[in-house]
Every structure is written in C-alpha cells, then in structure tokens.
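All remarks here apply to the structure that follows.
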Amino acid sequence: GRAPKKSRQPEKIKSRKGFKDPGSSQDIPKEVPYLLIGGGTASFTAFRAIKSSDPTAKVLIVSNEPYFPYMRPPLSKEIWFNPDRDVAKSLTFKQWNGSERSLFYEPEDFYIHCKDLLESENGGVAVARGWSIKRLDVLNKVAVLDDGEQVKYEKCLIATGATPRLTPVFEVALADENLRNNIKLFRNIDDFKDVFEAFEAAKAVAVVGGGFLGSELACAFGRRDHKKLKVIYQIFPESGNMGKLLPEYLSMWTSEKVRAEGVQVVPKTEIVGAKAKNDQVELTLSSGKTLLVDFVVVSVGVEPNTELAETSDLEVDPELGGYLVNTELQARTDLYIAGDCACFYDPRLGRRRIEHHDHAVVSGRLAGENMAGARNPYLHQSMFWSDLGPEVGYEAIGIVDSSLPTVGVFAKQSVNDTPQAVVEKTDEFDRSKTEQLPQECEKYLSEEEKSKLKDSKKLLPNPIDGEDYGKGVIFYLRDDVVVGIVLWNVFNRMSIARQVLKDQKKYDDLNEVAKLFNIHGE
Ligand code: FAD
Ligand code: NAD
Ligand code: NAD
C-alpha cells in the first residue's frame, strides 16, 4: 500500500495570507448545534445530510481557506481544457459536452453570514473563511479558534482533508528563497491560479510524481499546450503512469497514451537535486542527467491533516494515517471524522483511508446523517475515477493496489468507450453520479442488461491482439477474494462492481465474472 512516511509538511505558500471573513471572531457564534471543521467536500456533504434530516439545522463551517466550499477534481482536468484565458478568474470549467459549471457547490448568496446564523429562522450554513480550529476540548465539547476564542458545539465533524507532501530534495529546495517560486504544490484554488499563470509563461515544466495528480496534470499541460511549443516532463520512480495502482503492463501502456498527449514521460527515475539557475530550476535525475525547467509541480502524495490529534487527545492510525474512527465514523462521543483524514473500519474490507472525491461525499453524508441522529454504518462502497485525456478513463472501487495479484480481461475499445462519450451522454462530469443508483438489494443486472448478456459472444483470448488494452475489467484479489475492481474505459457498470465486492466470493473463473460487465457488447 502507500503507508505514509513521516515527512514534514510544507508551509502553506500560496494562500491569500491574512484573508479572514468575518474579520473578527466576535462575529462567529459562540455556541452552535453543528460545527464542521474544514470547508471541503466532506464537510459540505455533511451539511447537506444534516439539513435533510434536520431542516432548520444551524451549521457552522470553519475553513482555513479563503473560499466557500468547492470541488477539487476539475482543477487537474476539465478546467485546463476550458479554452478561455480567464478560467483562473471565473473558476468555471466546461464538461466534455460543452456545458459550463462552477467549481463552487453553491453561489456566495447561498450562505448565511456568520453573525446572522443563530437568528436565522430556517437555519442554514455559515462559513467562517480564513479561520482554523486549533484544539478541541472533547469532554466539554468546545472548539478553540486560532485567536483563542471558543465555539461550543453539540455535534462536531472534523473533515480537514490532506496536504501535499514533499520529498527531502524539494523540502530543501522550497526553503531556498531563489527557488521558492519555481517549486509548486497543487491542492487548492490558489495553487491552480498560480500554476495556471506560470504555465502560460513557461517554456519547459516538470511534473514530479506518477500518481493521480501528476498523471492528470501532465496530460492537462500537454493538451493545454495544443501548439506544442512547450516541453513537459513527467518524472517518477515507477515503470509506468499510475504504477501503484495499475498492473505493470497496463501502467506502461498508459504511459504511451500520456506520451501521445505531448508529455515526455521519464519513468524509473528520481530527482536527486534541484538548484536555481537564473530564473529557472535545474533538476538532477538519478540517471545523472540534468533538466532545466521554469517550474516543477511536486505531486508525490499527501498527508492527512491530523494536527488536532496532538492538541485534542485523538488517535491516529500509525500505518495508514488519519484519525481512527469506527464504522459509524465516530472518533469520540459527538465527534465524527470524514473524508481524506478519516481512517475508518469498513466491515467488508477492513481498516481503510481513502483519498477520493466520492469517498468524501459518501463519508461526509454518513457522518452528517449520524450527527443528526442516525446510527448508520459505512456499507456503501465509494468509487473513484480518473481521466487521462478524453480517450482514456477509468473508474474503480475497493482496494486497488498493484501490489495485489490482478486478473485483467480486455476487449476492443470503440468510440463509445471514452470518458468524453459518457459525459456527452449524461451531461455529468462527476462520475460518481453517472453510475446507476446503488441497488444493493437487487439482482446484478437490469432485464435489458441480462438479455444483452445472453446475446454477447464468448470471451475472446485476452487481450485481443496482444497489444490492445483499450477497454476491460481488472480484478484485484486478496486471499482469492475480489477486493478491488478497475473498469477501464468501461462506464456505467459500477453497481455491478459494487455487487461483486459485496459478495466476497471466491471465483474459479473471473472471465465468467467479467461477462457481467458486458465489455464485448455495443
Ligand atoms: P479537502 O477537500 O482537502 O477539504 C478540507 C478542508 O479543510 C480544506 O479546505 C482545508 O484547508 C481545511 N482545513 C484543514 N485543517 C483545518 C483546520 N484546522 N481548521 C479549519 N479548516 C481546516 N478525487 C477523485 O475521486 N477524483 C478526482 O478526479 C480527483 N481529482 C482531484 C484533483 C485535485 C487537483 C486534487 C487536489 C484532488 C483530487 N481528488 C480527486 C481528491 C479529492 O479532491 C479529495 O479526496 C477530496 O477533496 C477530499 O475531501 P475532504 O473534504 O476530505 O478534504
Ligand atoms: P475570484 O477568483 O475569487 O472569483 C471569481 C468568481 O468566482 C466570481 O464569479 C465569484 O462570484 C465566484 N466566487 C469567488 N469566490 C467564491 C466563493 N467563495 N464561493 C462561491 N463563489 C465564489 O475573483 P476575485 O476577483 O479574485 O475576487 C472576487 C471578490 O471576492 C473580490 O471582491 C475579492 O476581494 C473578494 N475576495 C474573495 C475571496 C474569496 O473567498 N473568494 C478571497 C479574497 C477576496
Ligand atoms: P498519489 O498518492 O496518487 O501518487 C503519489 C506518487 O508520488 C507515486 O505514484 C509516485 O510516483 C510519486 N512518489 C512517491 N514518492 C516519491 C519520491 N520519493 N520521489 C518521486 N516520486 C515519488 O498522490 P498525488 O498524485 O500527489 O495526488 C495527490 C492527492 O490528490 C491524492 O490524495 C490523490 O488521491 C488525489 N487526487 C486524486 C485524483 C483522482 O482520484 N482522480 C486526481 C488528482 C488527485
């Protein structure tokens, strides 16, 4: 897995320093029924769940970002494909089908001012922006703001997300004043604005890291530079893109697709040095080669934000990181944790921590329901998706880790089997919404899917011509049980994958299971 190594977190560099709204904590309520710490997806979804169980609920979000809640996925994908130059101002993105959306979940006037929250008749949500919570007194149910003022709560959620980590080389580089502007991290809107502006002006850039962020950004850079005037490097230690996730053959195949987007992929390579040279940065690679670039985006994973553990007597998982919570997402009485910073007990797959959007949604919703009085366990598996350009996309569920044994079943890709096609059809970029509704209690397939399956041909040898991994299903096994599934350019089949995971059966022939996904149809 990706057990976090302990490394120091970098200082927040690009935040609008000093922005606080309200400007004084006197305008933040001293006592609230619901306090949500963090202004990300998990928090916002928890608010929605609280609101639907308790329609006049008064919810206070404390977020140390200057923005109201927004989604991060488009920041490394769609927003870069928006041809307008002012996207960094409008913060909108076009879905593949051309319809335009904002990053923000709600417009500013949706939110109540902090000072008006307690008086509001119908309740709602207020966001104290630029504020953070430094400590909790769990016994007395009090949270302490950065200026020392206290907020008493009845129920509290910690959804503080995660912060990009650095390798030792870049930790040193970032501390060097001459390099500070050339070394970039990428997590929030301000980081996007900064990198977007720097990219416009750059001639050569490097992305370090071969995971989700590095691979998506490298592809986005490649596509944004449609005239191919810039040099874009992507450097990482694995043998192919997404090497920690995909089996090696597929990872290497994917690197060819990333190269086709205009990226110089440099696998099996680490950065051993970074130094300033005029206004640029010179990177020394483990091969001995040097590269001169205008800036580097370091995307080598994140660490969950668990600073409150030390100040508030909360427990952190020593291996996976994140606050330890039970299956109902409780850390302590009336204290819940969700999203990237939660290490929860999944009754089917064991202890987990997940760093994906849909998990933030699923766990935020569950925490919100439970804060409002339910006692629901974590049973609905979240999914995740990634697109590497408009032609390669995948969706996945469960434990997807290339160190597990895998079985892949592939078929030929058609023009309908692309992320672009699925968004065009559904008008929805968020792939966790285009999957069919969870039908956990129902049979595997709809009648239509069943009859399609009957007609579908016998599975062909695999992959079709030895080279084409255009479309397929990859099963990840632990003790011969399927614990994870990647749907590779196969869309709208997540409910089937969810059912296969739920069954926890040992299958003799996974080709038979692959047939359920009807990958040879259409
Ligand atoms: P976050 O979104 O990180 O929100 C936490 C918030 O809490 C932040 O605003 C933080 O500043 C604030 N905070 C932290 N500490 C404090 C404190 N003490 N007091 C107050 N506030 C605090 N996932 C996918 O599944 N698919 C994708 O395509 C995808 N794309 C991504 C693209 C990018 C560029 C990034 C960065 C991530 C992407 N992810 C994607 C991952 C996904 O965005 C995260 O898993 C998700 O944002 C986690 O939500 P969260 O609410 O737990 O945390
Ligand atoms: P921006 O990049 O912050 O905003 C661009 C667009 O996004 C606008 O349409 C705006 O309505 C919308 N938007 C911005 N923040 C939003 C949020 N938090 N929630 C929902 N929608 C949001 O544009 P800008 O020119 O940098 O700032 C716009 C105004 O906001 C200015 O008056 C600025 O001083 C003030 N401001 C806002 C923030 C903030 O939290 N967004 C921080 C500092 C200053
Ligand atoms: P990641 O965990 O996906 O990838 C980490 C990568 O860092 C590894 O694949 C490796 O190539 C690289 N790395 C690790 N140690 C290194 C070292 N010493 N030297 C060089 N490279 C090293 O993390 P990320 O790509 O940085 O993404 C950041 C966060 O954002 C993650 O939580 C990720 O899940 C999330 N994210 C998710 C999506 C998505 O789900 N589609 C998209 C973007 C970002």
Side-chain angles (χ1 to χ4, degrees), residues 2 4-5 7 12 15 36-46 61-67 69-79 128-135 143 145-146 158-170 185-189 191-192 207-217 220 234-238 241-245 267 269-272 286 297-308 311 322 337-342 353-361 363-364 382-388 393-396 429-432:
R2 42 169 117 140
K5 287 176 214 84
S7 69
K12 280 258 146 56
S15 60
L36 313 181
I37 305 173
T41 294
S43 246
F44 190 72
T45 318
I61 291 180
V62 175
S63 169
N64 63 11
E65 282 196 71
Y67 299 99
Y70 61 91
M71 56 190 99
R72 302 185 195 277
L75 290 175
S76 52
K77 303 185 235 352
E78 290 90 339
I79 204 162
R129 292 175 294 156
W131 288 91
S132 52
I133 297 294
K134 291 296 176 204
R135 190 169 70 80
L145 289 162
D146 34 357
I158 302 178
T160 46
T163 301
R165 77 161 80 117
L166 288 168
T167 62
V169 167
F170 288 110
L185 298 169
F186 197 91
R187 179 75 185 173
N188 57 41
I189 284 180
D191 298 336
F192 164 72
V207 175
V208 175
F212 288 101
L213 183 58
S215 301
E216 289 182 358
L217 264 186
Q234 190 192 2
I235 304 147
F236 49 79
E238 294 85 19
N241 287 76
M242 305 305 311
K244 294 210 160 145
L245 192 106
T269 301
E270 291 192 43
I271 308 291
V272 296
S286 47
V297 181
V298 183
S299 45
V300 297
V302 295
E303 291 202 13
N305 295 324
T306 52
E307 292 86 350
L308 288 170
T311 56
I337 321 272
D340 279 12
C341 70
R353 192 171 65 75
I354 304 179
E355 297 170 356
H356 292 289
H357 174 86
D358 187 45
H359 167 68
V361 171
S363 63
S382 63
M383 56 84 80
F384 63 88
W385 79 99
S386 179
D387 295 340
L388 299 176
Y394 57 92
E395 304 181 350
F429 88 97
D430 183 341
R431 227 58 70 57
S432 56

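Just so it is clear, the values below take in all heavy atoms, side chains as well, and ignore hydrogens, waters and symmetry mates. Just follow the structure's listing: the first ligand is 1, and inside any ligand the first atom is 1. Along the sequence shown, residues carry numbers from 1.
The proximity of Leu308 to ligand 1, defined as any non-hydrogen pair under 4.0 Å, does not occur for either the backbone or the side chain. Contacts between Val302 and ligand 3, counted as non-hydrogen atom pairs separated by less than 4.0 Å, involve the side chain only. Contacts of Glu355 with ligand 3, taken as heavy-atom pairs under 4.0 Å, involve both backbone and side chain. When non-hydrogen atoms are compared, ligand 1 lies under 4.0 Å from the side chain of Lys77 (C-beta onward) but not from its backbone. At a heavy-atom distance under 4.0 Å, only backbone atoms of Ala159 (N, CA, C or O) approach ligand 1. Contacts between Phe212 and ligand 3, counted as non-hydrogen atom pairs separated by less than 4.0 Å, involve both the backbone and the side chain. For Arg72, heavy-atom contacts with ligand 1 shorter than 4.0 Å involve the backbone as well as the side chain.
Looking at ligand 3, you won't find any N or O of Pro237 less than 3.5 Å from one of its N or O atoms. In terms of N/O distances under 3.5 Å, ligand 3 is not approached by Asp340. Considering backbone and side-chain N/O atoms, Asn305 never comes within less than 3.5 Å of an N/O atom of ligand 1. Below 3.5 Å of separation, one finds an N or O of Ile133 facing an N or O of ligand 1. Polar contact check, Thr167 against ligand 3: no nitrogen or oxygen pair lies under 3.5 Å apart. The distance criterion of under 3.5 Å between nitrogen or oxygen atoms is not met by Trp131 with respect to ligand 1. Of the polar atoms of Ala42, at least one N or O is found under 3.5 Å from an N or O of ligand 1, judged by distance alone. Taking any N or O of Gly210, backbone or side chain, at least one lies under 3.5 Å from an N or O belonging to ligand 3. Residue contacts with ligand 1: Ser43 is placed with no nitrogen or oxygen under 3.5 Å of a nitrogen or oxygen of the ligand (distance criterion only). At a 3.5 angstrom cut-off on N or O pairs, His356 counts as close to ligand 3.
At least one heavy atom of Trp385 sits closer than 4.0 Å to an atom of ligand 3.
Selection from Glu238, Glu216, Arg187 by nearest heavy atom to atom 8 (C) of ligand 3 gives Glu238. Comparing heavy-atom distances from atom 49 (O) of ligand 1 across Ala360, Ser76, Cys341 singles out Ala360 as nearest. Comparing Gly301, Gly209, Gly211 by heavy-atom distance to atom 23 (O) of ligand 3, the nearest is Gly301. Across Leu213, Leu185, Val298, heavy-atom proximity to atom 24 (P) of ligand 3 is greatest for Leu213. Which of Thr160, Leu36, Ile354, Asp387 comes nearest to atom 5 (C) of ligand 1 through a heavy atom is settled by distance: it is Thr160. Of the listed options Pro73, Gly40, Pro69, Pro73 places a heavy atom closest to atom 29 (C) of ligand 1. Relative to atom 10 (C) of ligand 1, the option among Thr45, Asn64, Thr41, Thr306 with the closest non-hydrogen atom is Asn64.
Here Trp385 and His356 keep their ring centres 6.0 angstrom or further from each other. Close placement of the Phe384 and Phe212 rings is indicated, their centers lying within 6.0 Å of each other.
Numbered from 1 in the order shown, with element, the atoms of ligand 1 that lie under 4.0 Å from a heavy atom of His356 read 23 (N), 24 (C), 25 (O), 45 (O). Of all atoms in ligand 1, numbered sequentially from 1 with element shown, those under 4.0 Å from a heavy atom of Leu213 are 34 (C). Atoms of ligand 1 lying under 4.0 Å from at least one heavy atom of Gly339, given by number and element, are 52 (O). Per-residue contacts place Gly161 under 4.0 angstrom from the following atoms of ligand 1 (heavy atoms of the residue considered): 1 (P), 3 (O), 5 (C), 52 (O), 53 (O). Atoms of ligand 3 lying under 4.0 Å from at least one heavy atom of Ser386, given by number and element, are 41 (N). Of all atoms in ligand 1, numbered sequentially from 1 with element shown, those under 4.0 Å from a heavy atom of Phe186 are 34 (C). Taking every heavy atom of His357 and a limit of under 4.0 angstrom, the matching atoms of ligand 1 come to 23 (N), 24 (C), 25 (O), 42 (C), 45 (O).
A donor-acceptor pair is defined here as one N or O able to donate and one able to accept, closer than 3.5 Å; no such pair exists between the side chain of Glu65 and the backbone of Asn188.
For Ser382, the side-chain contact (heavy atoms from CB on, under 4.5 Å) partners are Ile354, Asp358, His359, Val362, Tyr378, not counting sequence neighbours.
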Just do the side chain to side chain donor-acceptor pair (under 3.5 Å) check on Glu270 and Ser286 with the steps written out, would you? CA-CA 5 Å; Glu270 291 192 43; Ser286 47; over 6 Å; no
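Ser299 and Leu213 make their closest contact through CB-CD2, 3.7 Å (heavy atoms, listed as atom of the first residue, atom of the second, distance).
Rounded to the nearest 0.5 Å, atoms CG (Leu75) and CZ (Arg72) are 7.5 Å apart.
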